[in-house]
K.L.:
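Pasting a structure below so you can have a look.
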Amino acid sequence: MSESVLVPVPEAIAKAALVNEAQYLDLYKSSIADPDAFWAEHGKRIDWIKPFTAVKDVSFDPHDVHIRWFHDGTLNVSVNCLDRHLETRGDQTAILWEGDDPKDDARITYRDLYERVCKLANAFRELGVKKGDRVCIYLPMIPEAAVAMLACARIGAVHSIVFGGFSPDSLANRIQDSECTLVITSDEGLRGGRKVALKKNVDTALEHCPSVKTVVVVKRTGGAIDTVEGRDVWYHEITANQPAECQPEEMNAEDPLFILYTSGSTGKPKGVLHTSGGYLVYVSMTHEYVFDYKDGEVYWCTADVGWVTGHSYIVYGPLANGAISLMFEGVPNYPDVSRFWQVVEKHKVNIFYTAPTAIRALMREGEEPVKKHDRSSLRILGSVGEPINPEAWTWYHRVVGEDRCPIVDTWWQTETGGILITPLPGATKLKPGSATLPFFGVEPVLVDAEGNELSGATEGNLCIARSWPGQMRTVYGDHERFVQTYFSTYKGYYFTGDGCRRDEDGYYWITGRVDDVINVSGHRMGTAEIESALVAHPKVAEAAVVGFPHDIKGQGIYAYVTLVAGEKETDALRKELVAWVRKDIGPIASPDIIQWAPGLPKTRSGKIMRRILRKIAENEFGALGDTSTLADPTVVEDLIANRPQA
Ligand code: 6R9
């Protein structure tokens, strides 16, 4: 039904927009017809030390996957985000920080930020951090997180940010995988009035991380911490006497900028590697065009810097564009459920970018908490992280945006670095629930299970037929896994892992993951990771995890657990297993439902039939499909009869 709803571009937006509908079509066509000319032109939007002459060198052939953009150019990413703005907007706010407590805020100008970054970069160098070294950032949403990222970029160190909600074990795994030599953290974090013991988590993690020589600690709450002599140093002490200038490292376009771990359908999280030149070109360009960003506007992306959205659209994209980027330490429901709108009113936010899960949670609270705050400053709304259902879209549009603000529903991934499928505010008629059309240079393709390209209005697996500058370059330390995961299923294409429908108007509708990845409140989880956490418990013999539809989170986590013979299926054990997974991976991985499964449905060759488990979790017993290959059909009957109600 929603396929036929077309929300026109508001005239006021179209008139002042960077591109209108006709310009979008023209530019898109030329970006596809002559990509090298298109990107040679747009590659110039950032400052190069040595300008590039080569535009790209790319192969998606599984025998020889390589992706290089602007590869004979050199630059420094921090110079692009800081130095080049000093003359024109040194006194303009770069980061507008809003604390967890509504009384806490700060404005950091481009000059302040430049000086802070230089000081920390100098301190890093003094601590022995060199170009190419990996630095782990485990910080809350405080300005020092952006400072640390840019300080790494300044000296050519590769940062690896780990979200503050991850457990010590998850943190340790990530530090070990990329052999970080330095970790920067804070004494504690503060979210929704509650303290998070970040330094303590680091101490626990580092019991198993011999590569780490130094821990830099930012004082955030002043809470008591343990200090390891010779390893731990205070941020404010090591930066205090540093010069406020720092010679930037000259980096090749293809030198690594950061690693960010993300979940896949199998095995442990992958270290997605992004490089410098192409990434910066792509995120700055998409930030400007997708949000129609105008000088001086207050732009707020509510993501955490621990996720790719925070990397690309709180820090690198906006700062490369000289934007005012609002950074929020807190949560949407603290002190109460009107916090987002209170911040919008207080800072006169013009562009607001959040996740569907937040919209759905706030929608439940009714219109009053929204309407009691002035939102007349809002011009553009955005959505990211998971499909937005038409009901949530319509509420966001009508209640939050008073029917006057276009919603850019931006589809992309950690792997893509930046936004690939999205409306442009001045150019694209909207359909509630659709990410609409490809960005410049992006060629989406839908394929069937055999890899045949499908045309016209259809549904299939979403692939991208050609490279774009922001694409990930490899899995850190495991190029073969990169090739296997993304380039071997459908030859010649980058496979996204998402299913997608294309309608009569050529609009794209992402239908969700087609692999064993689930999306819980916009956070990606591999079902295999949760299963391996469960089976590590001494009382668990076997576990199978699937997603199920959840009103607020989009998907919830449903775990089928078979106990070791003789163990009792008690509520106490259920709670213990939830706590166990929380401790192992982090709170975002807590199962919503655990069903005791005396047996799991398996084929005669012993493969778990997840399709059936998904249907039971979805409460769709009538649609189990072909069950003829089941080794023991009574297992399924038993699971259906005993499905717990959430
Ligand atoms: C940026 C980010 C990527 C997965 C992706 C897809 C889902 C993201 C979406 C969306 C529908 C959107 N996803 N944006 N689905 N509409 N606008 O979220 O990266 O954490 O790597 O997740 O999220 O399934 O494959 P990441």
Side-chain angles (χ1 to χ4, degrees), residues 2 161-163 165-166 258-265 269-274 279 282-283 286-287 290-291 301-314 316-317 353-360 381-390 392-393 396 407-423 428 430-439 442 444 461-464 470-472 475 485-486 494-502 507-527 547 553-555 588-589:
S2 50
I161 307 191
V162 178
F163 173 60
F166 278 119
F258 66 84
I259 299 165
L260 182 57
Y261 287 85
T262 192
S263 298
S265 46
K270 299 182 278 282
V272 168
L273 185 93
H274 282 288
Y279 172 81
Y282 198 75
V283 296
T286 45
H287 173 261
V290 172
F291 299 103
C301 166
T302 70
D304 190 285
V305 290
W307 309 114
V308 73
T309 307
H311 285 63
S312 301
Y313 298 112
I314 294 177
Y316 290 117
Y353 187 32
T354 196
T357 185
I359 297 300
R360 286 192 298 265
L381 302 173
S383 173
V384 61
E386 51 178 318
I388 181 164
N389 47 309
W393 193 102
Y396 193 22
I407 298 177
V408 287
D409 176 359
T410 62
W411 174 85
W412 58 295
Q413 312 177 293
T414 306
E415 293 88 339
T416 70
I419 296 164
L420 294 197
I421 302 183
T422 181
T428 318
L430 306 174
K431 299 189 186 193
S434 170
T436 75
L437 301 169
F439 190 72
V442 174
N461 300 309
L462 177 62
C463 294
I464 311 292
Q471 184 171 21
M472 76 182 279
V475 170
T485 310
Y486 304 104
Y494 164 77
F495 175 46
T496 65
D498 279 319
C500 183
R501 195 152 44 82
R502 184 170 50 216
Y507 275 44
Y508 290 88
W509 301 72
I510 310 297
T511 52
R513 302 287 304 195
V514 293
D515 52 11
D516 290 319
V517 171
I518 53 183
N519 191 325
V520 183
S521 299
H523 302 320
R524 263 168 80 165
M525 304 289 326
T527 52
K553 302 182 188 179
Q555 277 187 304
I588 54 171

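Start at 1 and go down the list; that is how both ligands and their atoms are numbered. Bear in mind the structure is a predicted one, so any value in this text is a computation, not a measurement.
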K.L.:
Of T436, D498, T422, which meets side-chain hydrogen bond (donor to acceptor under 3.5 Å, both in side chains) against W411?
P.N.:
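Answer to the side-chain hydrogen bond (donor to acceptor under 3.5 Å, both in side chains) test with W411 among T436, D498, T422: D498.
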
K.L.:
Suppose we screen for ring pair (Phe, Tyr, Trp, His ring centres under 6.0 Å). Which residues come up paired with W393, at least two apart in sequence or across chains?
P.N.:
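Partners of W393 under the ring pair (Phe, Tyr, Trp, His ring centres under 6.0 Å) test: H397.
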
K.L.:
For F439, which residues count as a ring pair (Phe, Tyr, Trp, His ring centres under 6.0 Å) partner, sequence neighbours excluded?
P.N.:
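Testing F439 for ring pair (Phe, Tyr, Trp, His ring centres under 6.0 Å), a comparison that skips the adjacent residues, returns Y282.
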
K.L.:
Using salt bridge (Lys or Arg N to Asp or Glu O under 4.0 Å) as the criterion, list what pairs up with R502, not counting sequence neighbours.
P.N.:
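Partners of R502 under the salt bridge (Lys or Arg N to Asp or Glu O under 4.0 Å) test: none.
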
K.L.:
Please list, by chain and number, the protein residues whose heavy atoms come under 4.0 Å of ligand 1.
P.N.:
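Ligand 1 is contacted, at a heavy-atom distance under 4.0 Å, by V308, T309, V384, G385, E386, P387, D409, T410, W411, W412, Q413, T414, D498, I510, R513, N519, R524.
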
K.L.:
Side chains of Y279 and S312: any donor to acceptor distance under 3.5 Å?
P.N.:
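A donor-acceptor contact under 3.5 Å links the two side chains.
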
K.L.:
Considering the options T511, I510, D515, which one meets the side chain to side chain contact (heavy atoms under 4.5 Å, CB included) requirement together with R513?
P.N.:
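It is D515; the other options fail the test.
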
